[in-house]
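To keep things clear, I will list the structure first and then write my remarks on it.
Chain A is the first sequence line, chain B the second, and so forth, proteins listed ahead of strands; every chain is numbered from 1.
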2 protein chains.
Amino acid sequence: MKNKKLPTIKEIAKQLNISVSTVSRALHDHPSIGLRTKSRVQELAKELGYEPNQTAIFFKQRRTFTIGVVLPYLIEDFFAGAISGIEEVVNASKYNVLIGQSNDDVEREKAIITAMKNQRVDGIIVSLSKHTKNLDHFTALERYDLPVVFFDRVPASNTYNKVAFDMPHGTHQAISFLMEKGHRRIGIINGPKEMKSSKERTDTYMQVLQKKRLKIDLSLVAYCDLTKEGTSLAMETLLALKHPPTAILAINDYVALDAIQYAKSKNLINNKDIFFVSYANLPISKYLENPPMASIEQYPKKQGEKAAEILLSMITHEGPDPLEPQNILIPGELVVHIR
Amino acid sequence: MKNKKLPTIKEIAKQLNISVSTVSRALHDHPSIGLRTKSRVQELAKELGYEPNQTAIFFKQRRTFTIGVVLPYLIEDFFAGAISGIEEVVNASKYNVLIGQSNDDVEREKAIITAMKNQRVDGIIVSLSKHTKNLDHFTALERYDLPVVFFDRVPASNTYNKVAFDMPHGTHQAISFLMEKGHRRIGIINGPKEMKSSKERTDTYMQVLQKKRLKIDLSLVAYCDLTKEGTSLAMETLLALKHPPTAILAINDYVALDAIQYAKSKNLINNKDIFFVSYANLPISKYLENPPMASIEQYPKKQGEKAAEILLSMITHEGPDPLEPQNILIPGELVVHIR
DNA sequence: AAAAAACAAACAAACGTTTGCGCTGAATTA
DNA sequence: TAATTCAGCGCAAACGTTTGTTTGTTTTTT
């Protein structure tokens, strides 16, 4: 016996012979409604099992209490962790989370952004696809006063709000660690050149070497597309050098693991003939017999939380003057697996 | 120079001196609108950068093209994979995905369901929190004609639509595999006794042994709380048996890895002194020197896809007679790592 | 040439809620 | 007693869109 028509504010009004505005105000505990009326309304509402139609409210209020999150792959621990942080923060303020995976595809990223804009999300949190160069689909959002916060994979321009891993700090730690272990020829496997982190990593690398008065050899810096094949190619070029590196800094643990496999296929034993340090500190490292020597924890949840906080403050912020774009750096921590 | 007011259908109508209904129909390529008018409307729409206000449409159409997904933890590979499957399927039909993590907390699960219902999602996909016994918050949804599909952690009752791993089939494979390898004393590390899968696993185990006319020794069946400590305890009891198992079937790869670590601490070498088979087939297994001998792939993405397909068909399905509740079992596949 | 059919566009209601304003009657004040 | 206040509630517009019905105009038919 289904009750096809859901109870509305109108229905309550009719049954009590009062106006809808009174019902609305009564349900919101508005001061100009008499106590007697209020309780009559609230009782009937409960009795009928009334629940406000959020789509109507969203429409009327011109806000949806929903924020969009766009990221490359949900399945990567880093991003899943970031989402948890985001969800926790926004839920505390009654916001919901709409998710879109770009699969590292720029076109998909654009499509998701458009859909979210039309759905009238109140704000968007983004981690860029690995090949996003053109940011037009984000600047377009300014026209709609739609706040955006980037995290982890952030654009270079600092006209945007962003939260990211403190690459100089982390990379400095990593390279210093390797140098303390005696390494002088340290290779790098970066991501694609479009990624801001690739440049940052290289820059810090050069700074550290310069400080130590070591000569810089840019042939030690390789780029890869983050796939297993790309990693193998990068390894191939690095190992083919006249003076190959004795240690390698890899963009993340996944790449490091692929690189280690490649090295093994060339009869180079990890943590003996060659050494790796990478970023992410995946939980699985604990189970590896032969993990990267060290990995830098990037605190994904903290990044997500911070991004969500900034977004919420932008959403809440009234007034014509926009808040200054924030550029938050989350310091990582070098976790040593092999001493 | 911000264009605060977004262009609406009304605006277009005013500028062209025609009615809003004509504009609406023109934008939808309605046959009763003249060619000339159509193109005038469409051109102006493009020029103004008109985008339909989805909140208004949602409200008017009484559907949101959004489906809700409720699951325990996004960070678990299995669930992240399932989401990807869900997203892929529903996106192809222009649906969006609203996510809620229950964190295995029943109250949170209820709150999420209520919020999603009020948001008027068109349907919900759920993987139950591990402590959910009472299903009232789901039966309540029938009143709203809100279709629900469960996956992975499904209720026992078959009045619901559900998609789950085929436990008997998978477990049969696993045990047969171990027996072919010559093992006769096979231990089990289950999850908590409350989990439906624990019982299913044990049942199948007994059936297989019975078929092979082997005597059943229930002291070989251990339970754990899925933590590292719980796993160690389970291992301790199993190894302390008078006739300890030569192989162990573990509820999932994480538990297997903890168990392997424990065994190692007792100087039992994995894949030599003792053997493991587990469920999940985590991608990281490829990088392990010493993985479980085999693991059962549960195809999370396929489970997600199937659940999404069923949900979409329910959403699309018109008519008073509801579709028969489906109970889909997704067969797993034993992936052998060590031969 | 008149009637019928076909086309093109306008009208208006509806979806459920919020909210500024106005109205009524009773209580308070002068 | 008359003027003022104010508590308590109703009216109506508005948010942007869709869609059934109606109106007016042109074309076709007989």
Specify the separation, in whole Å, of atom [atom1] of [X] and atom [atom2] of [N].
{"X": "A/Ile12", "N": "C/dT18", "atom1": "CD1", "atom2": "P", "answer": "11 Å"}
{"X": "B/Asp29", "N": "C/dA9", "atom1": "CG", "atom2": "P", "answer": "13 Å"}
{"X": "B/Ile57", "N": "C/dG16", "atom1": "CD1", "atom2": "C1'", "answer": "17 Å"}
{"X": "A/His28", "N": "C/dG16", "atom1": "NE2", "atom2": "P", "answer": "16 Å"}
{"X": "A/Lys10", "N": "C/dG16", "atom1": "NZ", "atom2": "C1'", "answer": "6 Å"}
{"X": "A/Arg62", "N": "C/dG16", "atom1": "CZ", "atom2": "P", "answer": "20 Å"}
{"X": "A/Lys60", "N": "D/dA12", "atom1": "NZ", "atom2": "C1'", "answer": "11 Å"}
{"X": "A/Leu16", "N": "D/dC9", "atom1": "CG", "atom2": "P", "answer": "11 Å"}

request  = Hey, could you give me the CG/NZ distance between B/Asn103 and B/Lys130, rounded to the nearest 0.5 Å?
outcome  =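 Rounded to the nearest 0.5 Å, the CG-NZ separation comes out at 11.0 Å.
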key: Value rounded to 0.5 Å, distance of CZ in B/Phe165 from CG in B/Asp152   =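 That separation rounds to 9.5 Å.
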Distance below 4.0 Å between B/Ser19 side-chain N/O and C/dC11 OP1 or OP2 =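 B/Ser19 to C/dC11 OP1/OP2: no side-chain N or O under 4.0 Å.
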Phosphate OP1/OP2 of D/dT19 contacted by B/Ser24 side-chain N/O (<4.0 Å) =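 For D/dT19, neither OP1 nor OP2 has a side-chain N or O of B/Ser24 closer than 4.0 Å.
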request  = Mind grabbing the angle between the end helix axes of the helix from C/dA1-D/dT30 to C/dA30-D/dT1? Five pairs an end, 10° rounding.
outcome  =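 One end's axis against the other's: 50°.
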With hydrogens left out and only the distance checked, is there a donor-acceptor pair under 3.5 Å joining [X]'s side chain and the base of [N]?
{"X": "B/Ser32", "N": "C/dC7", "value": "no"}
{"X": "B/Thr55", "N": "D/dC15", "value": "no"}
{"X": "A/Arg25", "N": "D/dG10", "value": "yes"}

Residue [X], side-chain heavy atoms: nucleotide from [options] that is nearest:
{"X": "B/Ile9", "options": "C/dG16, D/dT18, C/dA12", "result": "D/dT18"}
{"X": "A/Pro52", "options": "D/dC9, C/dT17, D/dG10", "result": "C/dT17"}
{"X": "A/Gln61", "options": "D/dG10, C/dC11, C/dT18", "result": "C/dT18"}
{"X": "B/Ser21", "options": "C/dT19, C/dA9, C/dA12", "result": "C/dA12"}

task = For A/Tyr50, answer base if it contacts any base atom (sugar-phosphate contacts may also be present), sugar-phosphate if it contacts only those atoms, and nothing otherwise; contact means non-hydrogen atoms under 4.0 Å.
result =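 It contacts sugar-phosphate atoms only.
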query = Under 4.0 angstrom, heavy atoms only, what part of the nucleic acid is A/Thr8 near: base, sugar-phosphate, or nothing?
reply =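 Counting heavy atoms under 4.0 Å across all strands, the contact made by A/Thr8 is with sugar-phosphate only.
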ask   = Are B/Lys46 and B/Glu43 close enough, and set up right, to give a salt bridge (Lys or Arg N to Asp or Glu O under 4.0 Å), and what steps lead you there?
value = CA-CA 5 Å; B/Lys46 179 165 285 178; B/Glu43 267 170 38; over 6 Å; no
task = Could you say whether A/Glu51 or B/Asn17 is positioned toward the 5' end of DNA chain C, judged by the nucleotide with the nearest heavy atom to each?
result =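 Result: B/Asn17.
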key: Nearest heavy atoms of A/Val41 and A/Ile18, plus distance in Å   =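 Closest approach of A/Val41 to A/Ile18, heavy atoms only: CG2-CD1, 3.7 Å.
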query = Hey, is B/Lys302 close enough to B/Glu305 for a salt bridge, meaning N to O under 4.0 Å?
reply =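 No, B/Lys302 and B/Glu305 are not salt-bridged.
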Side-chain donor-acceptor pair present, A/Thr132, A/Glu109, cut-off under 3.5 Å =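 Checked: A/Thr132/A/Glu109 side chains pair up, N/O donor to acceptor below 3.5 Å.
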key: B/Gln54 versus A/Asn118, side-chain donor and acceptor atoms under 3.5 Å   =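 Note: A/Asn118 and B/Gln54 side chains miss the donor-acceptor criterion.
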inquiry  = Can you tell me how the ring of B/Phe65 sits relative to the ring of B/Tyr95, calling it parallel under 30°, perpendicular over 60° and tilted otherwise?
reply    =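 Tilted: the ring planes of B/Phe65 and B/Tyr95 meet at 30° to 60°.
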key: B/Phe59 ring over D/dT17 six-membered base ring, under 5.5 Å and 30°   =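 Here B/Phe59 fails the 5.5 Å or the 30° condition.
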